[in-house]
Amino acid sequence: MELEFGKPEIAGLDIKEISCKKALSDSALEADYSLNPYRGCSHGCLYCYAPFVIKEERPWGEFLDVKRNIPKKVSEEADGKDKGMGRIGSVTEPYQEAEREYKLTRRCLKQLSDHGFSVLIQTKSGMVKRDIDLLREMESDVGFTITSLDDDFRKRFEPDAPPVVDRLSAIKELKEEGIDVWVFVGPLLPFENDGGEELNRLKETLTSLEVQEIYVDKLNMRNGVWSKIQHLLEAGQRERYEEIYFGDDDYFERKKPLYKKIGKPVF
Ligand code: SF4
């Protein structure tokens, strides 16, 4: 049975409700299957390269395709598949604002749980706390992306993503509920969020929250990223970025020992 939703109004976002033909894709990314209830994202991260990954040409952040039938598809497809781990939101944020209304991530979780699948979720949103009841029932693994403890950094580079403090409080709550939590610290932008003192404070905070694993990544300058972030860099940094990304400066190799003190580099 299709549920009825009120189509939410989200400023600047053209929301379309669509039907998907397929829900579960085979995954090579630490899970057996991947699924994305939404195509598009309202979080507005300037370093996002999801459009490059999925070959999306529409302006990222200005549209959202909502796959209304995806929970039903998950249920049908899970019936015929080996049980395994489903990764929700492998490309786009599963707990973005539209999820408050549509609850597609929640309903997909329920289907995975009912079919005996485990789940892996990566998010920037404390909205995941809403689904603790389901996450507790199944084998679950939740990863939070945290780029900095400094919310000014978040406002500049992830303007519409939830504040960092919301993510930290969600980590605390999930851990208290016995759910496995890891953190992805990235991307690290040279001279912006990768200073030693700042990273040490972040490490101390995550350690105090008893986060299981921490992964670290550098900023990847994939298609379209440079044109978005270059205007936000402090004076004089643009030239340094050109040397690092388009010249022969081995900046990240020199920084790696510091990054390794925080977590496992994935580059
Ligand atoms: S939350 Fe993820 S998908 Fe959304 S804009 Fe940010 S990096 Fe891209």
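Whatever order the structure lists them in is the order used to number ligands and atoms, beginning at 1.
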Checklist outcome for this item: Expected contact list for ligand 1 at under 4.0 angstrom, heavy-atom basis, is Cys41, His43, Gly44, Cys45, Cys48, Trp60, Val91, Thr92, Glu93, Lys124
Checklist entry - Are Ile15 and Phe63 connected in a single hydrophobic cluster, I mean Ile/Leu/Val/Met/Phe/Trp/Tyr linked by side-chain heavy atoms less than 4.5 Å apart? => result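 Linked within one cluster.
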Hey, can you pull the donor-acceptor pairs under 3.5 Å for the side chains in residues 213-220, sequence neighbours left out?
{"from": "Glu213", "atom 1": "OE1", "to": "Lys264", "atom 2": "NZ", "distance (Å)": "3.2"}
{"from": "Asp217", "atom 1": "OD2", "to": "Asn220", "atom 2": "ND2", "distance (Å)": "3.4"}

I'd like a table of donor-acceptor pairs (distance under 3.5 Å, sequence neighbours excluded) in which one partner is a side-chain atom from residues 41-55, with atom names and distances.
{"from": "Ser42", "atom 1": "OG", "to": "Gln96", "atom 2": "OE1", "distance (Å)": "3.4"}
{"from": "Tyr47", "atom 1": "OH", "to": "Lys124", "atom 2": "NZ", "distance (Å)": "3.2"}
{"from": "Tyr47", "atom 1": "OH", "to": "Glu158", "atom 2": "OE2", "distance (Å)": "2.5"}
{"from": "Tyr49", "atom 1": "OH", "to": "Arg222", "atom 2": "NH1", "distance (Å)": "3.2"}

Item to check | Residue pairs passing the salt bridge (Lys or Arg N to Asp or Glu O under 4.0 Å) test where at least one lies in residues 80-96, sequence neighbours excluded | outcome: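 Applying salt bridge (Lys or Arg N to Asp or Glu O under 4.0 Å) to every pair that reaches into residues 80-96, excluding sequence neighbours, yields Glu30-Arg87.
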Item to check | Between Glu77 and Tyr33: side-chain donor-acceptor atoms closer than 3.5 Å | outcome: no
Checklist entry - Under the criterion side-chain contact (heavy atoms from CB on, under 4.5 Å), which of Asp194, Val266, Val185 is the partner of Tyr259? => result Asp194
